[in-house]
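A short worksheet on the structure shown next.
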Amino acid sequence: MNIEELNILSFGKFKNKKMKLSNGLNIIYGENEAGKSTIHKFIEAMLFSFFKTYTKTKRYNDQYDKYFPWNENQYRGSLKYSYKGETFNIERNFIKGNDEVKIFDDKTGEDISNMYEYNPITRLIEPASLHFGINKSIYMNTVSIPQLKSQTDESFSKEVKDKLINMGGSLDDDISIKKVIERLEKRIDDIGTKNRLKTSPYGKIVEEINNLNIKRNKAYKIFDDTKKFQEDLKKQKNIFNNFLKKKEKLEEDIYKYKCKELNEKHSKVKKLLEEVDKLHKQSYVFKRFKDIKIEDYGEIIKHENSINSIKENIEIIKNSLIEINKKMDLINDHLEEIKLRYNEKGDYKRQLKENQKLKKSITINKILVFLFSFFFIGGLIIAYLFSDIYYLTSIIFFIFNIYFLLRVKNKKSTINDNENLIKSLEMEIKSKEDELRETERFLQSQKLEKNTEIERLKTKLNAENLGIKLILNKYKFENSQDLKEGIEKRKRYEDIIKEINYKREILSSILMNKTFEELEEEVKACSQMNIDNIDLNDENSLEELKSLNDTIRKKDKEISSLEQKIETMHSLFPPIQEIDEDISIKEQEALEYENQLKSIDIAKNTIESISKNIHREFAPKLNENVSNIISEITNEKYKNIKITENLGLKVVGEDNNLIDMDSLSYGTIDQIYFSLRFGIIDIIKNNKKIPLILDDCFIQYDDNRLNSILDFIYNESKKRQIILFTCQMREKQILKNKNYEFKYIEI
């Protein structure tokens, strides 16, 4: 059997970590905190998860939280192993509440989980139950050796003994002799003893027999007392019957008087019923108005008032719009008047014409200035060329040129003055127009607001009319006047109903929770009675009857009390014959418990005898296996080991004296317990070569011890798979120096 592959999907610090292992020796190296112990724990968790052992309920150990993945919400992985040429794949989810384990045939992919043992406490299958064939205790004390822990725990000795007993008796390996012993002891504890009267079934039976004998004696005494009460009961019943006869005679006389009253009551009730029937017929006329609500009429009044108010507001707004339109017409008239005045004003037109003339004159003068300038320059040139007299002509032309330039300047000044005046007039007119336009815009805005308000009021008016229409439609009326009349008819209907109820109350007080039919039946029953000459003082008769009833009730209570006492006495203790039968049954049960205890004691002694002898049967073989291993790994320093019944160890010294383990060095003790683990697993699982998993368990070995143990491990790896976790390079170097083959994996 070999573990072929580890697939750590999410476990501790690892995520999606795959590791393939070989058949022989596997060295997995990693520095401290690299995760070696996590991988070791992963193998254990895949086989056994994190459940506590020897518990009656599903409980997780502290390791569950320790290896919960960092920054992950998944907690799962898979392990592939081979057995007899077949490969199997274990898949496990560790999450609490969703924990699940499945096993598949790696070749076909078939789910074969149902072939494995089911654990009813964890409600999961046990992956190590089929091919590994070991439980967690044996796994932790043999094939898996964590760091600095070669020694086995106390519970392991019981597991080993259980396996050895089964092997010695040729029993099925799944049958637990230890559990049988525990169940026998539990059965003895469940049955108990005679002295445990309160806490054990056997003791309780003994106590019940004693109590039944006491009850039997009391029953005889109560039987005598009951006879006296029965005689007294007979006397009281005779007195009670005499009172009853007297009561019957008085009740007959009272009944005749009641019949007379019933006839009178019947007449009154009949008359009232006729009146109620007449009122009902009247109510049918007004019944259709009964659901009219006065509040609805009030709502209509509110709607009508609102409509009137809305119409008044609309009229006011319309009048306001008329005023606004008048003001706007007046503004338009003002604008036309300003334009007319602007166009008709003389100064404005005259100045415009004058400016036009001046502009034409300036143009002519500019032409003359140009000509005179030309003549002036020409005269200067001619004077220079021909005669000085022409200078005088040039001066004349120059004077004329100056004259016309001055005229152009004066005319431009006049034009500017005229234009400033025109601008002043235009600004004045524009200011008045802007003022009027602003007023016009304001009036337009008011007009728009008024029109919007009218539309809003019209919408509200329609809503108010619709509200009235809805209320009228509810009652199928044409107008509010019809609704008002309907309310008055509703009032009439309510008055009729009140009158009907009043008469019904009178009827109820007369009938006294009876119906008229019942009253008629009573009257018919009285028809056979002669009530014509009945003369009875009803009050005195009723008082007498009341007193007689009180006497009868008291007597009845006395009789009931006597009967209750007699019944209580009978109920306190069953018949003596039943008590005797119960005593006989309980004595038989006690005898059965005695026989069971004897049988269990015989079975327990037999099994314990087998348990004591099993050590002698297997001790030689176990001693031989362990001695051979310790001899090999200590280089024959220690050759003989003796193992006690509880897996205690004694070393045989050179002088054949037994050496106590406390006298040896820690390293030697560790080697001896290491040998013990190997020896035990080879005996109880000699047909299966289960892998050996070692986690830094040689860290304190010196070089000599390490050389010896590695020789042993290498030889053992030829028979079984060995996985050695280490944080040192010593193992790798020693194995290389010896030319040993191994697979090296570095984390």
Side-chain angles (χ1 to χ4, degrees), residues 53-59 117-123 135 137 155 157-226 567-617 645-646:
T53 55
Y54 309 112
T55 59
K56 295 182 179 180
T57 58
K58 183 177 181 178
R59 297 173 64 188
E117 182 181 337
Y118 178 78
N119 188 328
I121 295 175
T122 63
R123 296 184 292 280
N135 60 21
S137 177
S155 63
S157 64
K158 294 181 180 179
E159 300 286 349
V160 171
K161 265 208 254 184
D162 201 26
K163 293 284 184 181
L164 295 178
I165 290 171
N166 285 339
M167 292 169 61
S170 298
L171 300 176
D172 188 338
D173 194 39
D174 290 334
I175 298 174
S176 174
I177 301 300
K178 175 174 66 71
K179 289 182 180 178
V180 172
I181 292 289
E182 289 174 355
R183 287 173 185 169
L184 289 175
E185 290 175 346
K186 185 178 184 302
R187 182 59 183 154
I188 292 172
D189 189 59
D190 289 341
I191 294 172
T193 62
K194 290 182 179 180
N195 297 326
R196 290 169 56 196
L197 298 180
K198 301 292 184 183
T199 59
S200 70
Y202 185 26
K204 287 178 181 178
I205 289 293
V206 173
E207 184 181 26
E208 286 175 6
I209 292 171
N210 294 335
N211 291 337
L212 284 170
N213 286 320
I214 294 169
K215 187 184 289 187
R216 186 172 180 275
N217 294 332
K218 288 183 178 180
Y220 273 111
K221 184 178 183 306
I222 289 173
F223 180 75
D224 294 336
D225 294 339
T226 304
E567 186 178 349
T568 302
M569 288 176 149
H570 283 302
S571 65
L572 286 175
F573 294 95
I576 295 172
Q577 184 180 358
E578 290 184 12
I579 296 175
D580 289 339
E581 289 177 358
D582 288 343
I583 291 172
S584 177
I585 292 170
K586 297 298 179 184
E587 286 176 345
Q588 185 63 35
E589 289 181 10
L591 182 61
E592 288 178 3
Y593 278 132
E594 288 177 6
N595 291 334
Q596 284 183 35
L597 287 172
K598 289 177 182 177
S599 299
I600 292 169
D601 192 52
I602 292 169
K604 184 171 176 291
N605 290 335
T606 302
I607 293 172
E608 285 177 346
S609 176
I610 294 171
S611 177
K612 289 178 180 178
N613 292 330
I614 194 66
H615 178 69
R616 295 189 178 184
E617 288 185 35
E645 184 180 354
N646 293 321

What's the shortest heavy-atom distance between Ile583 and Asn213, and which atoms? CD1-OD1, 3.3 Å
Nearest heavy-atom pair of Lys58 and Thr122: which atoms, and what distance? NZ-O, 3.3 Å
Under the side chain to side chain donor-acceptor pair (under 3.5 Å) test, which residues partner Asn217, sequence neighbours left out? none
What's the separation between atom CG in Asn135 and atom CD in Glu117, rounded to the nearest 0.5 Å? 9.5 Å
NZ/Lys586 to CD/Gln588 distance, rounded to the nearest 0.5 angstrom? 12.5 Å
